[in-house]
Amino acid sequence: MPELPEVETTKRGIAPHILDQTIINVIVRDRRLRWPIPEQLQLEATGQKVISIKRRGKYILIETIAGTIILHLGMSGNLRILASDTPPKKHDHVDFIFNNNQCLRLHDPRRFGACLWTTEDPLDHKLLKDIGPEPWDDAFTANMLFKRSRNRTLAIKNFIMDSKVVVGVGNIYASESLFQAGINPETPAGKISLNRYKKLFIAIQKILEKSIQQGGTTLKDFTNSSGQPGYFKQELLVYDREGKPCVNCERPISKVVIGQRSSFYCNLCQKK
DNA sequence: ATGCGGACCTGTTAGC
DNA sequence: TGCTAACAGGTCCGCA
């Protein structure tokens, strides 16, 4: 479900409800996520006040003095702010109950998500320490993409989806940014010129920004922390538009599987 | 080091 | 209508 814009939308939605609030209870109903929810989380987060809510890549970090809750929504997760007495539904894995009577609830049917606890600097955590720059970091540039891609043979789509290269470009926005940049998704990353990487760099930033403004993309079931959908779907130019006319040339949009993921592109507007 | 494929899951939809 | 197969927004890990 969530790519970076959806995670950012979620973060912005929950932050005002839980910042400076104290966690009075952590209710774990189903520990089974990508990794089991640690018991230490319940023991050590209970009684702690939230001092900041951050996002790094697709991870949401809820910081307290004692440690940090690391959340990942995986493919199907969402976080909701609810009244603390709202009855749980299927796949509601964990509730954080706050002193203001609010409940932050993690729901994740496919269980690819994560809910972890660290007492170290979360950026040093195993899952976070080696990930690449944010799309708006100074470290993320066209030049960096160009240099890092030299001698790489993998498809450009897989290259930009590699979280060690840049975080936050998931399957939807990878297709969209490559369309915007006029690059065929199967092009070997190492064969793309600096000029084309400049276009791609701009496209990635622009698309992610725009999607965040629209509250993310709802394909079927993404909702923000209040249960509202995102509106970026109406701006998708190629994703899930196989056979429909290209907005530039009206040729039907093609679909190809790259790295086991569906990829959409215009065979005329996007060159290898 | 790089690149690929499998693995982890459930729910929904497409197709017979 | 009902069964089955394919597919879905992520990403870690092991192997060649």
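A, B, ... follow the sequence lines: proteins, then strands. Residue 1 opens every chain.
- Shown here are the side chain to side chain donor-acceptor pair (under 3.5 Å) partners of A:Q228, two or more places apart in sequence or in another chain: there are none.
- Using atom P as the reference point in both C:dC12 and B:dG11, the two lie 24 Å apart (nearest Å).
- Residues A:H91 and A:N158 both approach DNA chain B. Their nearest nucleotides, taken by heavy-atom distance, put A:N158 toward the 5′ side.
- With a 4.5 Å cut-off on side-chain heavy atoms, A:H125 and A:L116 count as touching.
- Heavy-atom minimum distance, A:I37 versus A:D30: CD1-O, 3.8 Å.
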What do the steps show when you test A:R241 against A:K255 for side-chain contact (heavy atoms from CB on, under 4.5 Å), and what is the final call? CA-CA 8 Å; A:R241 295 196 62 243; A:K255 173 178 164 177; over 6 Å; no
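- Note on ring orientation: taking the six-membered ring where Trp is involved, the planes of A:F140 and A:F201 are tilted (angle from 30° to 60°).
- Looking at A:T217 and A:Y173, their side chains do bring a donor and an acceptor atom within 3.5 Å of each other.
- For C:dG9 and B:dA14, the P atoms lie 15 Å apart once the distance is rounded to whole Å.
- There is no side-chain donor-acceptor pair under 3.5 Å between A:S254 and A:N267.
- Rounded to whole Å, the distance from CD1 on A:I258 to P on C:dG10 is 15 Å.
- The pair A:E63-A:K54 counts as a salt bridge, with a side-chain nitrogen and a carboxylate oxygen less than 4.0 angstrom apart.
- Under the 3.5 Å distance criterion, with hydrogens and angles disregarded, no donor-acceptor pair is assigned to the side chains of A:T141 and A:Y197.
- In DNA chain B, the stems built from three or more successive Watson-Crick or G-U pairs (distances below 3.5 Å) are B:2-8 with C:10-16, B:10-16 with C:2-8.
- Residues from residues 111-128 of chain A lying near DNA chain B, meaning a heavy-atom separation below 4.0 Å, are A:R111, A:F112 in numerical order.
- Judged by a 6.0 Å distance limit and a 45° cone about the ring axis, A:R150 is positioned over the six-membered ring of A:F146.
- Using a 4.0 Å cut-off between a side-chain N of Lys or Arg and a carboxylate O of Asp or Glu, A:R80 and A:D92 do not qualify as a salt bridge.
- For the residue pair A:E209/A:W136, the side-chain donor-acceptor check at 3.5 Å is satisfied.
- Residue A:I70 contributes atom CD1, which lies 14 Å from atom P of C:dT11 at whole-angstrom precision.
- Within the structure, every side-chain polar atom (N or O) of A:H72 is placed at least 4.0 Å from both OP1 and OP2 of C:dG10.
- For an aromatic pair to be called close, the ring centres must be under 6.0 Å apart, and A:Y265 with A:F179 fails this.
- Against DNA chain C, the stretch residues 56-63 of chain A makes heavy-atom approaches under 4.0 Å through A:K58, A:Y59.
- Here C:dG9 presents its P atom at 13 Å from CD of A:E176, a figure rounded to the nearest Å.
- Contact check on A:D162 versus A:K164 returns no salt bridge, with no Lys/Arg side-chain nitrogen under 4.0 Å from an Asp/Glu carboxylate oxygen.
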Between protein and nucleic acid, restricted to nucleotides 5-8 of chain C and to nitrogen or oxygen atoms under 3.5 Å apart, what atom pairs and distances do you find?
{"from": "C:dA8", "atom 1": "OP1", "to": "A:S262", "atom 2": "OG", "distance (Å)": "2.3"}
{"from": "C:dA8", "atom 1": "N3", "to": "A:R110", "atom 2": "NH1", "distance (Å)": "3.2"}

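- With rounding to whole Å, A:L33 atom CG is found 17 Å from C:dG10 atom P.
- Residues A:L73 and A:F112 are not in side-chain contact: their nearest non-hydrogen atoms beyond the backbone lie 4.5 Å or more apart.
- We find the NZ-OG1 distance between A:K157 and A:T187 to be 12.5 Å, quoted to the nearest 0.5 Å.
- Between chain A and DNA chain B, the heavy-atom contact criterion of under 4.0 Å yields a 5' to 3' nucleotide range of B:dT2 to B:dT12.
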